[in-house]
Amino acid sequence: MIIFSGSSNQPLTEEIAGILKLNVSPSEVVRFADGEVRVRITDDLKDQHAVIVQSLSTPCDSNLMEICQFAHIAKREKAKKVTAVIPYLAYARQHKAHREGEAISVKLVADFLKTSGVDECILLDIHEENAVRFFKMPTVHLSASDIFAEYIDAHREDFGEDNLIIIAPDKGRRSEAENLAGDLEVGFAVIDKVRFLDRTDEIDKNELNGDVNQKEALIFDDMISTGRTAIKAAEVCLKGGAFHAYLIASHGVFSINDPSIWDKAPIEKVFVTNSINIPLNKRFPKLETVSVAPLIAKTLQNYV
Ligand code: R5P
């Protein structure tokens, strides 16, 4: 197995490679002034299993193009198998045409990866699990839920023992919240969130269904982008009588450049995985990261 890192999350690739006792193979990624990206691999890939780790975080289109070039080169150089490890898959929110006339963009991404030469994919907590069906190649869909469950269980006293409640910030997260609550043997509640479909980041309705009074509310989402969903969920929980609100999400997209919004937010701590490499200028004191490298390495270990 030869493991390559796209430019979006080199620390995670290093960690995965370290667990597998491999070195990250050298590659060259250049971005031109106009944004075009160029990838170069000089290793001999003939009959090798090439693994490329790349999160489709910002700039998502360019990072997608990058991994597609890696796969294209590996295929052309006769790698026996090309595995794309995509810890954060952009475009998964566009898993259906929400309104007439829209593209099913995640299908397009899956097709692009396949056409580029990807033989199999390893994904993590994609926004809509069902979207895996668009990947017309063997695809493993991992979940960080167990990692979070273990973490919360080991730190129960930090959250207020016996008083936890898991909050799904929208109906789409109901089953994940229910499963996590089941693992932790605590209750769960669901927020009825409605977005304005013509203003993608804005929320129209946000109603809590469930009793959070005198509980520690753990909001459990797949991703944090602008943070609006989480902050509104925290507000509604506190209004409902929760002692405190915490936020747990697989992917810290953090699309707002001002991390001070989190200092002001009514949220005690924000937990994300390292599926996305969060730049220093977007980090904030409330942020904690748990690693998915062991989970991904274990999946890859089947091939070593
Ligand atoms: C939406 O359906 C997702 O599960 C997340 O709740 C959402 O993408 C988070 O976005 P934001 O942080 O911009 O509210």
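Counting starts at 1 for both ligands and their atoms, following the listed order. Worth saying up front: this structure is predicted, and the values here are computed from it rather than measured.
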Have a look at ligand 1 and work out which part of Thr229, if any, has a heavy atom under 4.0 Å from it: side chain, backbone, both or neither.
both
A student checking ligand 1 against Asp170 at a 4.0 Å heavy-atom cut-off should list atoms 1 (C), 2 (O), 4 (O), 6 (O)
Geometric class of the His155/Tyr151 ring pair [parallel <30°, tilted 30-60°, perpendicular >60°]:
parallel
Relative to each other, are the rings of Tyr246 and Phe159 parallel, tilted or perpendicular (30° and 60° limits)?
perpendicular
Which of the numbered atoms in ligand 1 are below 4.0 angstrom from a heavy atom of Met223?
5 (C), 8 (O), 9 (C)
My understanding is that only one of Asp170, Val236, Asp192 makes a side chain to side chain contact (heavy atoms under 4.5 Å, CB included) with Asn206; could you say which?
Val236
Residue pair His49 / Thr83, side-chain donor-acceptor N/O under 3.5 Å
yes
Based purely on interatomic distance, does Arg173 place a nitrogen or oxygen under 3.5 Å from a nitrogen or oxygen of ligand 1?
no
Measure Lys193 to ligand 1 on non-hydrogen atoms and call it side chain, backbone, both or neither using the 4.0 Å cut-off.
side chain
Hey, is Arg93 one of the residues with a heavy atom under 4.0 angstrom from ligand 1?
yes
Is Arg38 close enough and on-axis enough to Phe32, meaning under 6.0 Å and within 45°, for cation-pi?
no
Any N/O of Gly227 closer than 3.5 Å to an N/O of ligand 1?
yes
Ring geometry between Phe254 and Phe284 (parallel below 30°, tilted from 30 to 60°, perpendicular above 60°):
perpendicular
For Asp222, take its heavy atoms, then give the atoms of ligand 1 lying under 4.0 Å from any of them.
3 (C), 4 (O), 5 (C)
Please state which part of Thr226 comes within less than 4.0 Å of ligand 1, counting heavy atoms only: side chain, backbone, both or neither.
both
Under 6.0 Å from the NE2 atom of His72, do we count more than 12 heavy atoms belonging to anything else shown?
no
Nearest-0.5 Å distance that lies between atom CG in Asp43 and atom CD in Glu77
10.5 Å
Tell me whether ligand 1 is touched by Ala230 - counting only heavy atoms on the residue side and a distance under 4.0 Å.
no
Per-residue contact class, His127 against ligand 1 - non-hydrogen pairs under 4.0 Å
side chain
